[in-house]
Amino acid sequence: VQLQASGGGFVQAGGSLRLSCAASGRTSSTYVMGWFRQAPGKEREFVATISWRGDFKRYADSVKGRFTISRDNAENTGYLRMQSLKPEDTAVYYCALRHVGSVHETLKFASDYDYWGQGTQVTVSS
C-alpha cells in the first residue's frame with residue numbers, strides 16, 4: 001500500500017486547510033485511516049482516526065471541534081478538514097492506514113498502523 005498526502009501549506013491563524021491522503025495498492029479490503037502530526041522537536045502525535053464505514057471517528061482533544069476527518073472509499077482517499085487553525089497546529093501531518101477485520105474499528109496509536117504517507121507540511125502563522 002502506498003499513501004500520498006497532500007494539501008498542506010502556509011495559512012494565517014484562523015484559516016482553513018483540507019488535507020488529502022490517496023491510497024493505492026492493496027486497498028480492496030477494509031482498513032482504518034488515521035492522521036498524525038509531528039512538530040519540530042516533538043514526538044509524533046495522534047490527530048484523528050476514522051473507521052472503514054466512516055461511522056466511528058476519534059479526535060485528539062486539541063483538535064476537537066476544529067478538525068473533521070472523512071473518507072471516500074470509492075476513491076480510496078481520506079481527508080482532514082482543518083478549521084480555526086492555530087500556530088500550535090504547525091507540524092508535518094502524516095496519514096496512516098491499517099487493514100482490519102471490523103468495519104467499525106478505529107486506531108489512535110501510531111504503532112497500530114502499518115502504512116504511512118510521506119507527510120505534508122502545515123504552517124500556521126500568528
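No experiment lies behind these values; they were computed from the predicted model shown. Just so you know, these numbers use all the heavy atoms, side chains as well, and skip hydrogens, waters and symmetry mates.
- No side-chain heavy atom of Gln4 sits less than 4.5 Å from a side-chain heavy atom of Cys21.
- Using a 4.5 Å cut-off between side-chain heavy atoms of Ile, Leu, Val, Met, Phe, Trp and Tyr, with links allowed through other members, Leu107 and Val63 fall into different hydrophobic clusters.
- Contacts classified as side-chain hydrogen bond (donor to acceptor under 3.5 Å, both in side chains) and involving residues 14-23 (residues at least two apart or in different chains) are not found.
- Taking 4.5 Å as the limit, some side-chain heavy atom of Thr49 sits within range of a side-chain heavy atom of Val32.
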Would you mind writing out the side-chain donor-acceptor pairs for residues 88-100 within the sub-3.5 Å range, not counting sequence neighbours?
residue: Asp89; atom: OD1; partner: Arg37; partner atom: NH1; Å: 2.9
residue: Asp89; atom: OD1; partner: Arg66; partner atom: NH2; Å: 3.0
residue: Asp89; atom: OD2; partner: Arg66; partner atom: NH1; Å: 2.7
residue: Asp89; atom: OD2; partner: Arg66; partner atom: NH2; Å: 3.4
residue: Asp89; atom: OD2; partner: Lys86; partner atom: N; Å: 2.8
residue: Thr90; atom: OG1; partner: Pro87; partner atom: O; Å: 2.9
residue: Thr90; atom: OG1; partner: Val124; partner atom: N; Å: 2.9
residue: Thr90; atom: OG1; partner: Val124; partner atom: O; Å: 3.4
residue: Tyr93; atom: OH; partner: Arg37; partner atom: NH1; Å: 2.9
residue: Tyr93; atom: OH; partner: Asp89; partner atom: O; Å: 2.6
residue: Arg98; atom: NH1; partner: Asp112; partner atom: O; Å: 2.9
residue: His99; atom: ND1; partner: Arg26; partner atom: NH2; Å: 3.0
residue: His99; atom: NE2; partner: Arg26; partner atom: O; Å: 2.7

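- Neither Met82 nor Phe10 shares a network with the other; the hydrophobic side chains, linked directly or stepwise wherever heavy atoms of I, L, V, M, F, W or Y lie under 4.5 Å apart, form separate groups for each.
- Both Leu85 and Leu19 belong to a common hydrophobic cluster when Ile, Leu, Val, Met, Phe, Trp and Tyr are linked at side-chain heavy-atom distances under 4.5 angstrom.
- Residue Phe46 comes nearest to Arg58 through the heavy atom pair CZ-O, 3.5 Å, listed as atom of the first residue, atom of the second, then distance.
- Note that OG of Ser111 and CZ of Arg44 are 12.0 Å apart. Values are rounded to the nearest 0.5 Å.
- Here the side chains of Phe36 and Glu43 are not in contact, with every heavy-atom distance at 4.5 Å or above.
- Both Ile69 and Leu17 belong to a common hydrophobic cluster when Ile, Leu, Val, Met, Phe, Trp and Tyr are linked at side-chain heavy-atom distances under 4.5 angstrom.
- The NZ atom of Lys57 sits 4.5 Å away from atom CD1 of Ile50, with the distance rounded to the nearest 0.5 Å.
- Taken from CD in Gln38 to CD in Gln121, the straight-line distance is 11.0 Å, to the nearest 0.5 Å.
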Would you give me the side-chain donor-acceptor pairs under 3.5 Å for residues 74-81, sequence neighbours excluded?
residue: Asn76; atom: OD1; partner: Tyr31; partner atom: OH; Å: 3.1
residue: Asn76; atom: ND2; partner: Thr27; partner atom: OG1; Å: 3.3
residue: Thr77; atom: OG1; partner: Glu75; partner atom: O; Å: 2.9

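- Heavy-atom minimum distance, Ala23 versus Leu3: CB-CD2, 3.6 Å.
- Here the side chains of Ser51 and Glu105 are not in contact, with every heavy-atom distance at 4.5 Å or above.
- Counting heavy atoms from C-beta outward, Lys108 and Thr106 have side chains that stay 4.5 Å or more apart.
- Counting heavy atoms from C-beta outward, Trp35 and Phe67 have side chains that stay 4.5 Å or more apart.
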